[in-house]
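Presented below is the structure to which this report refers.
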There are 2 protein chains.
Amino acid sequence: MSLRMALLGLLSLSGPASGYDLTKLFESSINHAWQARHSQIYPELNKMADEGLVTVEEDGPRGRKTYTITEEGSRTVREWMLTTSPARPARDEKTLRAFLLPTLKPEEALGVLRETIRDCDAKLAVLEEIERRPSRPRTTGFGRYALDLGLRHTRMMRDWAAEAAEEIERSSRS
Amino acid sequence: MSLRMALLGLLSLSGPASGYDLTKLFESSINHAWQARHSQIYPELNKMADEGLVTVEEDGPRGRKTYTITEEGSRTVREWMLTTSPARPARDEKTLRAFLLPTLKPEEALGVLRETIRDCDAKLAVLEEIERRPSRPRTTGFGRYALDLGLRHTRMMRDWAAEAAEEIERSSRS
DNA sequence: GGTTGACATGTAAAATTCGACACGTCACTC
DNA sequence: GAGTGACGTGTCGAATTTTACATGTCAACC
């Protein structure tokens with residue numbers, strides 16, 4: 001259901017778009033919270049067209065199909081957003097690795113943590129650059145929350161890694 | 001591969017355990033970063049036994065099988081931890097919902113955010129209770145990082161929701 | 001005229017994950 | 001002795017996701 005809602009949501013926020021557009025949008029926006037390849041997106045769009053959640057216009061230059069969300073599609077995503085469904089728990093390989101850190105020797109764990117810090121710093125640089133950029137239409141409203149959450153999440157991860165590293169250093173010195 | 005590494009990691013951290021134990025351990029430890037039902041765990045343990053990553057002792061009261069990680073299993077998980085594999089990106093339905101918040105009317109979004117805050121507070125209460133609890137064997141080392149990250153993540157989410165809510169209130173007053 | 005790269009859509013097989021069904025044991029309580 | 005609930009393992013079908021294969025167009029550059 002999540003993929004469907006993500007697609008309807010993107011269509012609702014960005015206006016009519018093609019499968020190709022949506023694939024790109026996925027990558028450049030919610031990638032840190034959800035992902036889908038075009039091989040999953042195209043069939044889902046066709047299914048939704050069959051079910052009347054979106055309409056499709058087949059014209060465009062290269063067999064391009066433009067999808068538009070329908071009234072019913074909007075209702076569907078709105079209901080999903082408002083229901084307190086207990087949302088399936090997150091899956092995050094990075095956090096899993098963090099959890100398994102104690103399986104390593106202190107020096108090894110320290111190496112992994114330092115790499116984590118570097119990765120976070122790199123990601124932060126990218127996100128902060130986007131934040132600084134003079135407001136494109138997308139920065140207001142749509143994408144606003146995503147960016148903010150992404151920044152907070154990355155900073156949180158960085159802080160954690162830094163403090164964990166410091167703790168390991170302290171305890172291995174003693 | 002992640003499930004396999006999670007299982008090997010847990011076996012490495014907790015010592016020999018049964019599939020049942022591991023299912024429970026999964027729920028009580030890395031649940032917020034990775035999940036698996038017993039229907040996924042049991043077959044994976046059998047496969048790993050075939051491949052020599054774990055050994056199995058079939059005794060125990062109720063047909064209980066006890067799995068122990070082997071040298072090869074340890075090597076496998078260690079290599080995985082140390083390789084900079086670009087870790088598949090996270091999937092988090094809650095963040096997806098957050099991202100789609102702008103599809104809602106301000107009052108509706110506000111409602112969702114307030115509920116998010118309540119959920120985070122509830123989760124924080126649980127985690128902080130665990131943190132306060134006099135150190136059981138698991139709180140040191142194993143589980144230490146997981147708990148810390150869980151706390152930080154939940155606080156981050158709470159702060160984000162609170163500030164987003166405040167921002168919506170401000171802009172709807174004007 | 002040929003090549004390259006972004007644009008554009010699709011399918012199929014494999015792997016992963018979930019939800020339901022299925023079976024049996026042991027300890028404790030009423 | 002019957003019932004309940006935690007313990008314990010397993011399989012199967014469906015849904016979801018990934019990876020690879022497959023095909024073709026348009027614009028720009030050389």
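Since we're looking at a predicted model, the values are computed, not measured. Sequence lines set the chain letters: A, B, ... in the order given, protein chains first and strands last, and positions in each chain run from 1. Reckoned from all heavy atoms, side chains included, excluding hydrogens, waters and symmetry mates.
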For this session: Could you go through the salt bridge (Lys or Arg N to Asp or Glu O under 4.0 Å) check for Glu163(B) and Arg158(B) one step at a time?
Result: CA-CA 9 Å; Glu163(B) 284 179 40; Arg158(B) 208 208 93 99; over 6 Å; no

Problem set entry | Intermediate values then yes/no, salt bridge (Lys or Arg N to Asp or Glu O under 4.0 Å), Asp121(A) and Arg155(A) | CA-CA 8 Å; Asp121(A) 281 339; Arg155(A) 283 190 194 120; over 6 Å; no

Exercise. Going through the distances and angles, do Arg114(B) and Glu169(B) end up as a salt bridge (Lys or Arg N to Asp or Glu O under 4.0 Å)?
Worked result: CA-CA 12 Å; Arg114(B) 284 184 183 136; Glu169(B) 276 175 337; 2.6 Å; yes

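Remark: the Ser2(A) side chain and the dT16(D) base include no donor-acceptor N/O pair separated by less than 3.5 Å. Within 3.5 Å, a donor on the side chain of Ser39(B) pairs with an acceptor on the base of dG19(C), or the reverse.
At a threshold of 4.0 angstrom between heavy atoms, the contacts of Arg37(B) are confined to the sugar-phosphate backbone, with no base atom among them. Here Ser18(A) lies in heavy-atom contact (under 4.0 Å) with sugar-phosphate atoms only. No contact: Arg4(B) has no heavy atom under 4.0 Å from any strand.
The CE-P distance, from Met1(B) to dT17(D), rounds to 19 Å in whole Å. In this structure, Tyr20(A) places its OH atom 19 Å from P of dG24(D), rounding to the nearest Å. In this structure, the CD atom of Glu27(A) is 14 Å from the C1' atom of dC7(C), given to the nearest Å. Atom CD in Glu58(A) sits roughly 16 Å away from atom C1' in dT25(D) (whole-Å rounding). Atom CG of Asp21(B) is separated from atom P of dC7(D) by 9 Å (rounded to the nearest Å). Between the CD1 atom of Ile41(A) and the C1' atom of dT11(C) there is a distance of 16 Å, rounded to whole Å. Distance CZ (Phe26(B)) to C1' (dC18(C)): 14 Å, rounded to an integer number of Å. The separation between Glu44(A) atom CD and dT16(D) atom P is 8 Å, rounded to whole Å.
Side-chain atoms of His38(A) lie closest to dG10(C) of the nucleotides dG10(C), dG10(D), dC26(D). Distance from the side chain of Arg62(A) is smallest for dA6(C) among the nucleotides dT17(C), dC18(C), dA6(C). Side-chain atoms of Arg91(A) lie closest to dT17(C) of the nucleotides dT18(D), dT17(C), dG8(D). Side-chain proximity of Gln40(B) to dT25(C), dT16(C), dT18(D): nearest is dT16(C).
Proximity of Tyr42(A) to the phosphate of dT9(C): a side-chain N or O atom is located under 4.0 Å from OP1 or OP2. Distances shorter than 4.0 Å separate some side-chain N or O of Lys24(B) from OP1 or OP2 on dC7(D).
Under 3.5 Å, the side chains of Glu93(B) and Ser2(A) contain a donor-acceptor pair of N or O atoms.
Each of Asn46(A), Thr55(A), Asp21(A) was evaluated against Tyr67(A); a single residue qualifies, Asn46(A), per the side chain to side chain donor-acceptor pair (under 3.5 Å) test.
With hydrogens and angles ignored, the 3.5 Å screen pairs a side-chain donor or acceptor of Thr70(B) with a backbone N or O of Leu53(B).
Where Lys65(B) and Arg88(A) each meet DNA chain D at their nearest nucleotide, the meeting point lying more 5' is that of Lys65(B). Comparing Pro61(A) and Gly19(B) by the nucleotide of DNA chain D whose heavy atom lies nearest to each, the residue mapping closer to the 5' end is Gly19(B).
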